[in-house]
Each structure stands twice: as structure tokens, then as C-alpha cells.
Amino acid sequence: MELCVGSNKALRIIGLAMLLSWAPIVSSFIECSIITQLFSACSLFITHGTPDPIPGSPCCDAMSGVNSIANTADNRQYVCRCLMDLIDNFSSNASAIGILPGLCGISFGFNIDPNADCSL
């Protein structure tokens, strides 16, 4: 069983590394599905919120991936719009989505809340 769990963690790390290595390519064409997929690493936290569970390493690694994608003003606007769609889909958990990057020590350069202005 431990081998299976270790292998799963290794696959997630390899997948995240591949995604981050594609960030310069992705930055010119971002799909909201990529942002949603990265946030899915935090689904336990988004679903249950604070104080338990605290976002773990896979979740914070995913937030770093989103931050890497949001590397230009245009990309930040697009990521912001994707996150507004995510908040619409999980409106009851919008506050958990909004505080998640900060709990991981990351700032996307905009506030994540249902009233965010993504045109900045």
C-alpha cells in the first residue's frame, strides 16, 4: 500500500513539474480547465474550509503553479476570470477559495472574491 501511495505522490509531483515547465507556452493560451485542475488539488480544503483541513503541500504546489501561469497582466486577468467562474460554481465555498493562496504564502496580484474586478 505504501508503494502505491508513494507512487501516486511522485506522479502528482511529476505532473506539476511538467505543467510548470510548460508555463511559458501556456501563458500565451490559458485554458480555465488548467486553473480548475490546479485548484482541484485543494478540493478537500475548498469543500471543508478552515480550520480543518489546512491546505497541504500538493495544494500549495498547485497554487504556485497558478501563480506561475499568472505571470503577466493579461494572464492575471484571465486567471482572475477563471477564478470568478470557479467561485460561481462553488459559491458557498467562495471564502475558502479566496483565502487559499494567502495560506500558501502566495499572492496572485488580485483579490479573489465574488466582486473582484478582473480588468485591473
Side-chain angles (χ1 to χ4, degrees):
M1 180 73 175
E2 287 183 37
L3 179 60
C4 183
V5 172
S7 297
N8 189 17
K9 184 177 180 181
L11 287 174
R12 285 188 296 186
I13 291 170
I14 291 169
L16 182 60
M18 288 174 55
L19 180 64
L20 292 176
S21 70
W22 296 335
I25 297 166
V26 172
S27 66
S28 62
F29 182 74
I30 302 168
E31 293 278 339
C32 281
S33 62
I34 293 170
I35 305 303
T36 301
Q37 184 176 13
L38 286 167
F39 266 81
S40 73
C42 306
S43 63
L44 196 62
F45 178 82
I46 292 170
T47 302
H48 300 288
T50 58
D52 288 319
I54 300 298
S57 180
C59 176
C60 288
D61 290 345
M63 291 304 98
S64 292
V66 173
N67 195 42
S68 293
I69 292 170
N71 60 353
T72 68
D74 288 341
N75 287 358
R76 275 189 297 282
Q77 286 178 352
Y78 194 80
V79 167
C80 179
R81 288 187 202 109
C82 292
L83 291 177
M84 293 309 105
D85 289 342
L86 191 64
I87 284 175
D88 285 345
N89 290 332
F90 297 96
S91 60
S92 63
N93 302 19
S95 61
I97 294 169
I99 65 170
L100 194 50
L103 291 175
C104 293
I106 295 168
S107 172
F108 295 150
F110 57 88
N111 291 328
I112 303 172
D113 67 55
N115 301 314
D117 180 6
C118 294
S119 64
L120 301 174

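Values below: every heavy atom of this structure, side chains too, minus hydrogens, waters and symmetry copies.
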Item to check | Under 2.5 Å between SG of Cys32 and Cys82 | outcome: yes
Item to check | Side-chain donor/acceptor of Asn111 to backbone N/O of Asp113, under 3.5 Å | outcome: no
Checklist entry - Would you find a donor on one side and an acceptor on the other, under 3.5 Å apart, between the side chain of Thr36 and the backbone of Ser33? => result no
Can you tell me how far apart [atom1] ([X]) and [atom2] ([Y]) are? Round to the nearest 0.5 Å.
X: Asn89; Y: Phe39; atom1: CG; atom2: CZ; value: 13.0 Å
X: Leu103; Y: Cys42; atom1: CG; atom2: SG; value: 10.0 Å
X: Asn67; Y: Cys60; atom1: CG; atom2: SG; value: 12.0 Å
X: Asn93; Y: Leu100; atom1: CG; atom2: CG; value: 11.5 Å
X: Asn75; Y: Ile69; atom1: CG; atom2: CD1; value: 8.5 Å
X: Asn115; Y: Met84; atom1: CG; atom2: CE; value: 9.0 Å

Checklist entry - Should Ile106 and Phe108 be marked as a side-chain contact (heavy atoms from CB on, under 4.5 Å) after you check the CA-CA gap, both sets of side-chain angles, and the distance that decides it? => result CA-CA 7 Å; Ile106 295 168; Phe108 295 150; 3.8 Å; yes
Checklist entry - Would Cys104 and Cys59 satisfy disulfide bond (SG atoms under 2.5 Å apart), going step by step from the backbone distance to the final call? => result CA-CA 8 Å; Cys104 293; Cys59 176; 4.7 Å; no
Checklist entry - If you look at every heavy atom in Cys118 and Gln77, which pair is closest and at what distance? => result O-CG, 3.0 Å
Next on the checklist: A side-chain contact here means heavy atoms from C-beta on lying under 4.5 Å apart; do Ile35 and Tyr78 qualify?
Outcome noted: no
Checklist entry - Could you walk me through whether Leu83 and Phe110 pass the side-chain contact (heavy atoms from CB on, under 4.5 Å) check? => result CA-CA 11 Å; Leu83 291 177; Phe110 57 88; 3.9 Å; yes
Item to check | Thr72 side chain to Asp74 side chain, donor-acceptor N/O pair below 3.5 angstrom | outcome: no
